[in-house]
Engineer: 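Handing you this structure, nothing more for now.
Quick caveat, the model's predicted, so the values are computed rather than measured.
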There are 2 protein chains.
Amino acid sequence: MGRAVPTGEPKARIMSEHKIRNMEEFAALSGLSRPTVSKYFNDPASVRPKTRERIEAALERYDFRPNIFAVNQNRSLTKNVGIVVPYLADPFFAEIARVIELRCIEAGYSPTLYSAHGESRLENEILSGLTALKPAGVFLAPLGRISDRAAIERFCRDVPTVLFDSNIEDMGEAFVGSDNFSFVQQTVDYLCRTGAPPAFFEMRNPANPNANKRRHAYLKIMEDAGLEPHVISVEGQGWGFEEIGRQGAHDLFASGELKTDTILCSNDRLAIGLLAACYERGLRVGRGEGCALRVASHDDHPFSRFTCPALTTAAHEYEAVADKCMETLFSLIESGGRFETRTETLIPARLILRASA
Amino acid sequence: MGRAVPTGEPKARIMSEHKIRNMEEFAALSGLSRPTVSKYFNDPASVRPKTRERIEAALERYDFRPNIFAVNQNRSLTKNVGIVVPYLADPFFAEIARVIELRCIEAGYSPTLYSAHGESRLENEILSGLTALKPAGVFLAPLGRISDRAAIERFCRDVPTVLFDSNIEDMGEAFVGSDNFSFVQQTVDYLCRTGAPPAFFEMRNPANPNANKRRHAYLKIMEDAGLEPHVISVEGQGWGFEEIGRQGAHDLFASGELKTDTILCSNDRLAIGLLAACYERGLRVGRGEGCALRVASHDDHPFSRFTCPALTTAAHEYEAVADKCMETLFSLIESGGRFETRTETLIPARLILRASA
DNA sequence: GAAAGAAATTAACGCGCGTAAAGAAAATTG
DNA sequence: CAATTTTCTTTACGCGCGTTAATTTCTTTC
């Protein structure tokens, strides 16, 4: 496991040579037998250094890669790793997937990225296709509420799976994600410490379970602080969160029902929409003089640094989540794909103060 | 080609049955011979309707999928399609990749998404790995300037490739992308028609060739209009365009060298950074009264609708690009992977007027 | 219902590689 | 140097499926 297998990087080749068809031929050109070369590709350290040198010299000259389909045919497990996210065009998922993917590559695996594009039908097809690839493991951020539980359960029985981002009870061998309570606690604490307690701005029917956890956290924290909670649930379907936030904010401001000058958004994408609405209405957002509203949020979306004003938010520890994901997968693979008990790792948030609150 | 192969969607299975090991076993359970079943999987229409029904009934019951590695081992071509982009965490690429991927799925292919993460080393590894997958075709948006030309050229010799987004001369069988000249023409025309001629705001050493084409287009258009061009090139490396734009804008404003009230950004991500800088400096952007600056840009980045103010931009026709990509790949596959002559399709921009200019 | 045509079956080979067993060759040890 | 251990070679089988050729069985047609 985790051995450094050569990956056929571009090198100066001898072009006059015809293309190598198979390992037999390559072995002959290396002056070795096929089983030895096969051993090398399974673990370069398993052959004598001198033999290894000969193979690697031949590799320089002839640009040969074992046929990936033939290699995997008899294997019960491959070096494939699947990374499945609900919607890759959401920069948050693009970013977390990016970090995990890079970690996988570093560890010598072949990660493949999949997006369910917000549809449970596609999520199912991805999982069923992934099963056929016999991956060593899969990182799955499920769609959430609209996921096909039965399909995911079936998948997790066949493939060692680490859930991330969105937890689904008892699904997969482990869960790695952010601690939603910590997110909300930090933002609410900060906002209360520096001004009025926040109202909570969210989508009414979020597909993602984290949204519900954040609402519950908000309610609990406000209650514990003896403060009256104020939840604003806006309507909207699909993955256009910014537009939903923008529309919802316009409706909110028009209704005149907002009783505070501090809004905590469930996530940054809603906040981005809300800030756009504020700008459109000439509402100045920030903590300074002449500001009508403070806005904070959660996720540290890649774009939250560049909103106007820049968004105060509770950040995911992207690197830490990715590291923990990898670590979990490694021990999962070492345990033969199953854990005795399902572990859940919740990584706390890091508060990032910017100009919006 | 393009046949509707069943994809093993979740169905009610008879759980008591043991798992099918191979096609032989599945054929027996269907009451048919393996070659017939094999024929079916290659083309469901190639067997008698009655036979087809029997297989599909068995498929309902037993949840069998041909071993993907064994299937592809002897094939010189698979139904795999690769989609390679330079940086998937850039929402522009995430969006165009999303649309192309969905089109591929609709067409019955198995698309796989790859991101070079901004590194030519990874781009090379993706291509060399992709070659091994014997894909029917590949959509490649190369890194651009830092791409390893020789590696890409070698890849294109082995695999039918359609370049998109970034053109590299004579590389691949075809290119599909947006018409940078049209982008700049529309924005410059609009800006000149409604106010002062724009200065052009760009990165000094853009990796992406489109940036150079846009600068040239700007210079040409200004020249033809008898106007003096003014190019502002800001420093910066990597993929953090927003931050580069923000820093560059601050430097620009601090220097006092800006001689116009109209800025045309090379792309939306730079513009997002520039708008953030404007906000931070209290510069009001827009075309209305009391605005210090007009800002327009190119790409119709998914967030350009939500900047403050919303960004006037020349939009890619995402759908049209994706459609043309698919169309090109289809005819490429039908032509056996090679075109007589390399075609270049440039799709004009669509101007989107918003509040920023 | 017989002849012609279509579709399925049987049998067999090949793809490229993993892997195991047995023996030969090389490296290591005392 | 001989004895031992390690590594490599030879030989051979198996994986699951594509594919072909020769037959057999089923459909269609008149």
Side-chain angles (χ1 to χ4, degrees), chain A residues 1 3 5-6 8 19-59 62-80 131-134 136, chain B residues 1 3 5-6 8 19-59 62-80 131-134 136:
Chain A
M1 296 295 158
R3 311 173 207 110
V5 169
K19 213 177 173 193
I20 278 96
R21 330 170 59 125
N22 54 34
M23 196 181 281
E24 193 79 54
E25 205 171 311
F26 175 74
L29 287 166
S30 319
L32 294 163
S33 71
R34 187 174 65 78
T36 304
V37 173
S38 173
K39 257 191 112 209
Y40 167 83
F41 278 107
N42 284 319
D43 179 3
S46 70
V47 300
R48 202 190 310 156
K50 216 174 149 187
T51 309
R52 185 170 165 178
E53 273 172 34
R54 289 169 71 181
I55 295 177
E56 278 162 4
L59 229 32
Y62 298 109
D63 183 21
F64 165 75
R65 299 192 102 185
N67 181 309
I68 194 169
F69 299 109
V71 168
N72 287 327
Q73 169 153 10
N74 296 329
R75 281 213 206 299
S76 56
L77 228 62
T78 67
K79 298 286 277 181
N80 297 329
T131 310
L133 288 180
K134 305 180 201 166
Chain B
M1 295 298 159
R3 311 172 208 112
V5 169
K19 215 177 171 192
I20 280 93
R21 329 170 61 124
N22 54 33
M23 194 181 282
E24 194 79 53
E25 204 172 311
F26 175 75
L29 287 166
S30 319
L32 293 164
S33 70
R34 185 174 67 77
T36 304
V37 173
S38 173
K39 257 189 113 213
Y40 167 84
F41 278 107
N42 282 319
D43 179 3
S46 70
V47 300
R48 205 188 306 155
K50 219 174 147 186
T51 310
R52 185 170 164 175
E53 275 171 34
R54 288 169 71 181
I55 296 177
E56 277 163 3
L59 231 31
Y62 298 111
D63 183 22
F64 165 75
R65 300 193 101 184
N67 180 309
I68 195 169
F69 299 109
V71 169
N72 287 327
Q73 169 153 12
N74 296 330
R75 281 211 206 299
S76 56
L77 227 63
T78 67
K79 298 285 276 182
N80 297 330
T131 310
L133 288 179
K134 305 179 200 168

Engineer: Starting from the 5' end of DNA chain C, give me the residue, Pro49(B) or Pro35(A), whose nearest nucleotide shows up first.
Structural biologist: Pro49(B)
Engineer: Compare every heavy atom of Phe41(A) with every heavy atom of Leu59(A), then report the nearest pair and how far apart it is.
Structural biologist: CD1-CZ, 4.1 Å
Engineer: Round to a whole Å and report the spacing from CG of Asn42(B) to P of dT20(D).
Structural biologist: 11 Å
Engineer: Where the side chain of Met23(B) is defined as all heavy atoms beyond and including C-beta, which of dA27(C), dT27(D), dG18(D) is the nearest nucleotide?
Structural biologist: dG18(D)
Engineer: To the nearest 0.5 angstrom, please state how far the CG atom of Asn67(A) sits from the CE atom of Met23(A).
Structural biologist: 9.5 Å
Engineer: Starting from C1' on dC8(D), measure out to CD on Glu53(A) and report it in whole angstrom.
Structural biologist: 16 Å
Engineer: Looking only at non-hydrogen atoms, find the nearest pair between Ala27(A) and Val37(A) and report the distance.
Structural biologist: CB-CG2, 3.7 Å
Engineer: Any side-chain N or O of Asn72(B) below 4.0 angstrom from OP1/OP2 of dG18(D)?
Structural biologist: no
Engineer: Tell me: CZ of Arg54(B) to P of dC26(D), nearest whole Å?
Structural biologist: 11 Å
Engineer: On a heavy-atom basis, which atom in Ala132(A) and which in Arg65(B) lie closest, and how many Å separate them?
Structural biologist: CB-NH1, 4.5 Å
Engineer: Rounding to an integer number of Å, can you tell me how far Phe41(B) CZ sits from dG16(D) P?
Structural biologist: 15 Å
Engineer: Any side-chain N or O of Ser38(B) less than 4.0 Å from the OP1 or OP2 oxygen of dG18(D)?
Structural biologist: yes
Engineer: Roughly how many Å is it from CD in Glu24(A) to C1' in dT11(D), rounded to a whole number?
Structural biologist: 11 Å
Engineer: Can you tell me how far P of dT9(C) sits from OH of Tyr40(B), to the nearest Å?
Structural biologist: 15 Å
Engineer: Of the nucleotides dA27(C), dG16(D), dC17(C), which one has an atom closest to the side chain of Phe64(A)?
Structural biologist: dC17(C)
Engineer: Would one find a side-chain N or O of Lys39(A) under 4.0 angstrom from OP1 or OP2 of dG18(C)?
Structural biologist: no
Engineer: Could you please name the option among dT9(D), dC17(C), dC17(D) that lies closest to any side-chain atom of Leu32(A)?
Structural biologist: dT9(D)
Engineer: The side chain of Thr36(B) lies closest to which of these nucleotides: dC8(D), dA8(C), dT10(D)?
Structural biologist: dA8(C)
Engineer: Return the nearest nucleotide to the side chain of Asn67(A); candidates are dG16(C), dT7(D), dA7(C).
Structural biologist: dG16(C)
Engineer: Let's see if you can work this out: which of dC8(D), dC17(C), dC15(C) has an atom nearest to the side-chain heavy atoms of Gln73(B)?
Structural biologist: dC15(C)
Engineer: Across the strands shown, which category fits Asn74(B) at heavy-atom distances under 4.0 angstrom: base, sugar-phosphate, nothing?
Structural biologist: base
Engineer: Determine the minimum heavy-atom distance between Gln73(A) and Lys134(A), stating which atoms define it.
Structural biologist: O-NZ, 3.1 Å
Engineer: Expressed in angstrom and rounded to an integer, what is the separation of Phe69(A) atom CZ from dG18(D) atom P?
Structural biologist: 13 Å
Engineer: Where the side chain of Val47(A) is concerned, which of dG18(C), dC8(D), dC15(D) is the nearest nucleotide?
Structural biologist: dC8(D)
Engineer: For Ile55(B) and dT9(C), what is the distance between atoms CD1 and P respectively, to the nearest whole Å?
Structural biologist: 9 Å
Engineer: If you check the Arg34(A) side chain, which of dC17(D), dT9(D), dA12(D) turns out closest?
Structural biologist: dA12(D)
Engineer: So, for Asn80(A) and Phe69(B), which heavy atoms are closest and what is the spacing to 0.1 Å?
Structural biologist: ND2-CZ, 4.2 Å
